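To start, the structure itself, in structure tokens.
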Amino acid sequence: MKKLNLLSLAVVVALAGCSDDDDNDYKTLVVNNTLPVGSEQCVNGGNEKLEGEDSNRNGELDSDEVLETTVTCNDPATSLTPQQLVNLSTNQWFKDAKVKVAENQDNIAEIIKESGKAKNVILFVGDGMGVSTVTAARILAGQLEGKMGEEHELSFDTMPFSGFAKTYNVDAQTPDSAGTMTAMISGVKTDVGVIGVDEDIEYGDCSTVAGNELVTATELAEINGLATGIVSTARITHATPAATFAKSANRNWEDVSDMPEDAVTGGCEDIASQLVNFEANLEARFDGLDVDGLEVVMGGGRRHFLPKDAAFNSADAVSAVEGDRTDERNLITEWQAKYPTGQYVMDQAGFNNLDTETATQVFALFNESHMQYEADRGNDIAGEPSLSEMTAKAIDMLDNNDKGFFLTVESGRIDHAHHAGNAYNALNDTIELSKAVQVAMDKTSIEDTLIIVTADHSHVFTIAGYPKRGNPILGKVVAVGSEEPSLAADGMPYTTVGYANGLGFRDLGDETDADAAYFEGPAAGRYDLTSVDTTSAGFHQEATVPLGSETHAGEDVGVYAIGPGAHLVTGTNEQSYLFHVMDYAADLVKNADAKLAN
């Protein structure tokens with residue numbers, strides 16, 4: 001006879017019985033079995049009740065003695081008991097996530113979802129700041145603070161809303177900054193290499209500009225009487241900042257010397273000239289409009305504003321002749337004539353002396369070409385401010401306008417360091433962008449300021465191998481459980497970060513100028529890094545495909561947002577969508593239409 005196997009929690013209860021000397025009467029037995037969670041009978045656990053007669057009088061309910069079986073299943077569990085939670089509630093990852101959920105609930109509860117509630121809008125663009133760049137910069141920033149790194153957060157990682165933007169241009173799978181920034185700032189995707197115009201333009205053809213011009217968020221803000229500003233570590237005439245104010249069939253027409261004769265005679269205006277004439281050009285496009293021009297312009301690119309004459313060189317000129325203009329115009333003095341109460345600044349001292357309470361307008365050109373990489377700023381002859389310092393100064397000036405302001409801030413040299421194949425500078429400039437974003441968050445209110453942080457495009461920058469947690473992000477791969485670098489199939493160590501194409505390996509030691517890589521031709525392929533310090537400023541990562549410059553990548557980029565309208569930054573959208581988020585938040589188009597109608 002087979003016995004019934006009972007669980008350890010089974011309870012045998014004798015409910016009834018008769019005299020032992022009565023052979024025909026048997027004890028009635030009841031057995032209660034606890035069914036575990038996940039059992040076949042009850043997924044949430046329960047109870048199995050067995051009833052029968054102990055016919056063999058062995059005191060146990062054997063399987064063939066069971067007369068009735070009743071199964072009662074538990075209701076679905078709605079919460080875990082403290083005992084069940086003990087392994088979770090004491091775990092730091094679990095506790096941190098619970099805190100994060102609570103913080104996000106509070107942040108979301110504070111978001112204002114009605115349109116037109118943003119008094120101020122700040123658009124941060126990390127030029128070339130793809131997802132892998134954000135990840136690597138986050139780790140490096142944490143490691144610079146003595147952490148393992150991976151758990152660190154950049155300032156914009158803490159924003160309550162995020163999503164992705166598709167970066168392709170109308171005519172290109174992998175985009176450039178001109179077309180992408182035009183999409184973000186005007187709401188219309190366009191072609192590679194053109195600025196402030198739609199896709200009906202013909203690249204390099206001046207005659208096709210007229211009729212295809214777009215209106216930018218900066219221009220709408222100016223029409224609405226808001227204070228406006230542009231800050232960049234690149235030349236202020238470079239593609240990304242230029243897209244906020246210029247209309248051009250070619251992003252390279254930064255000054256008249258860059259333009260073909262037919263474009264000049266055809267009436268097209270170079271980008272630098274368009275910046276100085278921003279107010280006049282905008283007023284000419286709309287009858288009866290009266291605006292006061294850009295309040296803040298800070299960046300590099302003096303050469304495009306000065307005549308090609310050494311007599312006009314600045315104190316920190318690095319070229320024998322700093323200016324490039326062949327039309328003999330000095331656009332700096334032209335700007336000063338237009339804005340006699342404004343201040344022109346070219347160095348750190350002039351920047352430091354700016355009184356943000358009284359300054360009406362500032363035109364700051366801190367370098368002949370692009371501004372220095374953040375790690376290289378100390379080598380600037382006349383000194384120049386950091387991106388976070390410029391952001392702080394710009395906000396302090398712009399918020400003097402009671403109506404509000406619209407500010408664009410670009411970290412332009414992330415892109416340039418990647419092109420040079422130098423992760424060190426790309427990541428350090430990304431960290432500086434994070435500091436600038438934190439400044440903006442500290443100086444404004446979530447109740448009236450929309451802040452968006454994104455990139456125009458990505459780069460072919462990778463994080464690979466299987467390094468252990470906390471391994472230096474710029475170092476060689478060291479596997480979990482090991483203290484020595486991992487070796488590739490060729491017997492040589494390799495770095496965690498690298499590039500799919502570009503100039504390739506350079507060991508320039510402590511060199512903080514990434515552009516020094518261009519003094520030699522491409523050196524793609526593998527090199528023995530055994531004795532090389534790959535974390536040094538002058539190390540340039542290996543590249544797979546040899547090219548004269550590393551290229552952009554075509555994948556989506558992250559978008560992060562906080563403030564009124566930030567809830568619209570979610571999911572995956574066309575890059576042009578970002579303009580419409582800013583328009584929703586600040587009612588840029590509606591308010592401009594109303595003003596122009598009057």
Side-chain angles (χ1 to χ4, degrees), residues 123-129 167 169 175-186 190-197 203 216 218 229-259 269-276 278 294 296-306 318-319 322-325 331-332 363-374 384 387 390 394 407-420 425-426 429 432-433 436 454-457 459 514-515 518 549-552:
L123 174 62
F124 283 94
V125 180
D127 198 316
M129 189 180 71
T167 63
N169 294 138
D176 89 320
S177 298
T180 52
M181 187 59 183
T182 295
M184 287 188 279
I185 204 69
S186 70
T190 191
D191 291 346
V192 163
V194 300
I195 289 173
V197 290
Y203 177 75
T216 70
T218 305
I230 309 164
V231 172
S232 177
T233 54
R235 294 192 298 270
I236 205 67
T237 51
H238 212 236
T240 302
T244 66
F245 62 84
K247 324 294 173 190
S248 181
N250 188 327
R251 59 172 285 176
N252 297 317
W253 292 352
E254 295 185 60
D255 75 59
V256 67
S257 70
D258 301 319
M259 299 174 67
E269 185 179 15
D270 66 80
I271 295 169
S273 180
Q274 289 188 57
L275 176 60
V276 172
F278 173 76
L294 298 162
V296 174
V297 176
M298 295 182 184
R302 276 197 306 264
R303 72 188 192 197
H304 297 301
F305 295 85
L306 294 173
V318 294
S319 301
E322 182 178 29
D324 280 352
R325 300 194 67 86
L331 297 185
I332 294 173
F363 185 29
L365 298 175
F366 296 108
N367 206 294
E368 177 180 316
S369 183
H370 302 301
M371 292 179 67
Q372 307 286 3
Y373 292 103
E374 175 59 23
E384 58 184 43
L387 185 66
M390 290 192 291
L407 173 63
T408 301
V409 180
E410 183 209 17
S411 180
R413 308 230 64 193
I414 299 171
D415 175 74
H416 302 159
H418 276 320
H419 280 308
N425 273 297
D429 272 45
E432 177 58 26
L433 172 65
T454 189
D456 46 0
H457 55 74
H459 276 266
D515 297 344
Y518 292 106
S549 176
E550 181 265 1
T551 72
H552 297 171

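It should be emphasised that the depicted structure is a prediction, and the values quoted were computed from it without experimental measurement. The figures here come from the full heavy-atom set of this structure, side chains too, leaving out hydrogens, waters and symmetry mates.
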One pair to check against side-chain contact (heavy atoms from CB on, under 4.5 Å): V231 and L407. What are the steps and the verdict? CA-CA 8 Å; V231 172; L407 173 63; 4.1 Å; yes
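- With hydrogens and angles left out, the side-chain atoms of H552 and D176 include no donor and acceptor closer than 3.5 Å.
- The distance from atom CG of N252 to atom CE of M259, rounded to the nearest 0.5 Å, is 11.5 Å.
- Atom CD1 of I271 and atom OG1 of T237 lie 6.5 Å apart (nearest 0.5 Å).
- The closest side-chain heavy-atom distance from T218 to I185 is below 4.5 Å.
- Between H416 and H238, the angle of the ring planes goes over 60°, which puts this pair in the perpendicular group of the 30/60° scheme.
- Residues F366 and M390 approach most closely at CE1-SD, 3.8 Å, considering heavy atoms.
- Note that CE of M184 and OG1 of T240 are 6.5 Å apart. Values are rounded to the nearest 0.5 Å.
- Interatomic distance, OG1 of T551 versus NE2 of H457, reported as 10.0 Å (0.5 Å rounding).
- In this structure, Q274 contributes its side chain and E269 its backbone to a donor-acceptor pair below 3.5 Å.
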Steps toward side-chain contact (heavy atoms from CB on, under 4.5 Å) verdict (Y373, D429): CA-CA 7 Å; Y373 292 103; D429 272 45; 4.1 Å; yes
S177 and R251: side-chain contact (heavy atoms from CB on, under 4.5 Å), yes or no, with the steps? CA-CA 9 Å; S177 298; R251 59 172 285 176; 4.2 Å; yes
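- E410 places no side-chain N or O within 3.5 Å of a backbone atom of D127 that could act as its donor or acceptor partner.
- We find the OG1-CG distance between T244 and L294 to be 7.0 Å, quoted to the nearest 0.5 Å.
- Put simply, the side chain of T233 gets close to the backbone of G412: a donor and an acceptor are under 3.5 Å apart.
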Take T180 and N169, measure what side-chain contact (heavy atoms from CB on, under 4.5 Å) needs, and give me the verdict at the end. CA-CA 7 Å; T180 52; N169 294 138; 3.8 Å; yes
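- Contact detail for T190 and V197: the closest heavy-atom pair is OG1-O, 2.8 Å.
- The CZ atom of R235 lies 4.5 Å from the CZ atom of R303; values are rounded to the nearest 0.5 Å.
- Minimum interatomic distance between G300 and L365 (heavy atoms only, all atoms of both residues): O-CD2, 3.7 Å.
- Neither side chain, S257 nor D324, offers a donor N or O lying under 3.5 Å from an acceptor on the other.
- Taking each heavy atom of A272 and R325 in turn, the nearest pair found is CB-NH1, 3.9 Å.
- With contacts defined as side-chain heavy-atom distances shorter than 4.5 Å, the pair S319/E368 qualifies.
- The closest donor-acceptor contact from the side chain of N250 to the backbone of V194 lies at 3.5 Å or more, if one exists at all.
- Between A436 and F124, the shortest heavy-atom distance links the atoms O-CZ, 3.7 Å.
- The shortest non-hydrogen separation linking I236 to L275 is CG2-CD2, 3.7 Å.
- Evaluated for a salt bridge (charged side-chain N to carboxylate O under 4.0 Å, His left out) with R302, the options E322, E384, E254 yield exactly one hit, E322.
- Residues N425 and R413 are not in side-chain contact: their nearest non-hydrogen atoms beyond the backbone lie 4.5 Å or more apart.
- Residues I195 and W253 fail the side-chain proximity criterion, which asks for heavy atoms closer than 4.5 Å.
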